[in-house]
Amino acid sequence: MSLFFAMFGFSLVMSITPGPVNMVIVSSGVSHGFGRTMPFVSGATIGFTLLLAAIGFGFYQLLEIYPQFLKYLALIGSAYVIYIGSKIAGASGSIDIAERARPRFHEGFLLQWLNPKAWVACVSGVALFSRPESHASLIAFVSIYFLVCYASLALWALAGDRVRLLLGTEMRVRIFNVIMGSLLIACAAYLVYLQFFGS
């Protein structure tokens, strides 16, 4: 039972803490509301869960052989995160214009596979909770992570939706978008820094 609590705690901390995906979700919640943000949340959750399973059932050995892969991923992933951040920062506060730019399911899925934070979470989790003699522990971990990740990301979408009511005007939404987009770009730059200069 203590192992399940450990899996739950790890999943919650890694899912609920701010990162590129969470920032996109809260920004989308502000611009589009909770319901229209949920396809992105679903894509991000499914994308992360499949990434976790892929690493657990095979990629982990590849990463041990080619540790430089994470550095290259940091560059590619951060470039994509900067692209998303620039789209958010440049988004209008107008609902009509913003509707066309709302994050989609496939973008949430892809962002997780290009998100260095997601890879670090997956590799760390697999190292902690997989057992060479049986896949049962890993299957339990992936299942718990799916539920916790979905709930955590949905909470970020709900938070964005609530903040939307406080912002009220198009100008305030526009300012919020610039702040969130800038934070996302800064987050991407920081992830690259950690990969190349953090150790």
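By convention here, the first residue in the shown sequence is residue 1. Basis for what follows: all heavy atoms, side chains included, without hydrogens, waters or symmetry-related copies.
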Is [Y] close to [X] at the side-chain level, that is, under 4.5 Å between some pair of heavy atoms?
{"X": "V41", "Y": "W156", "value": "no"}
{"X": "M14", "Y": "S124", "value": "no"}
{"X": "T37", "Y": "I25", "value": "yes"}
{"X": "F48", "Y": "N115", "value": "no"}

Who are the side-chain contact (heavy atoms from CB on, under 4.5 Å) partners of V178, not counting sequence neighbours?
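If we apply the side-chain contact (heavy atoms from CB on, under 4.5 Å) test to V178, skipping adjacent residues, the hits are R174, S182.
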Which residues satisfy the side-chain hydrogen bond (donor to acceptor under 3.5 Å, both in side chains) test with S11, sequence neighbours excluded?
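Listed in chain order: nothing, the list is empty.
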When the side chains of residues 141-153 are checked against the rest of the protein, which donor-acceptor pairs come out under 3.5 Å, sequence neighbours left out?
unit_1: S143; atom_1: OG; unit_2: I139; atom_2: O; d: 2.9
unit_1: Y150; atom_1: OH; unit_2: S42; atom_2: OG; d: 2.5
unit_1: S152; atom_1: OG; unit_2: V148; atom_2: O; d: 2.8

How close do [X] and [Y] get, counting heavy atoms only, and between which atoms?
{"X": "V24", "Y": "P103", "answer": "CG1-CG, 3.9 Å"}
{"X": "A140", "Y": "F4", "answer": "CB-CE2, 3.8 Å"}
{"X": "A44", "Y": "V21", "answer": "CB-CG1, 3.9 Å"}
{"X": "M38", "Y": "A154", "answer": "CE-CB, 4.1 Å"}
{"X": "V26", "Y": "A159", "answer": "CG2-C, 4.4 Å"}
{"X": "F40", "Y": "R104", "answer": "CD1-O, 3.4 Å"}

At what distance, to the nearest 0.5 angstrom, does [atom1] of [X] lie from [atom2] of [Y]?
{"X": "I55", "Y": "W119", "atom1": "CD1", "atom2": "CH2", "result": "4.5 Å"}
{"X": "M23", "Y": "I185", "atom1": "CE", "atom2": "CD1", "result": "11.0 Å"}
{"X": "I46", "Y": "F109", "atom1": "CD1", "atom2": "CZ", "result": "8.0 Å"}
{"X": "M7", "Y": "L12", "atom1": "CE", "atom2": "CG", "result": "15.0 Å"}

Sidechain-backbone polar pair: N22 side chain, S15 backbone, donor-acceptor under 3.5 Å
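Side chain of N22 to backbone of S15, a donor-acceptor pair under 3.5 Å: yes, one is there.
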Kindly check if the number of other-residue, nucleotide or ligand heavy atoms within 6.0 Å of CZ (F34) is above 12?
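Yes, enclosed.
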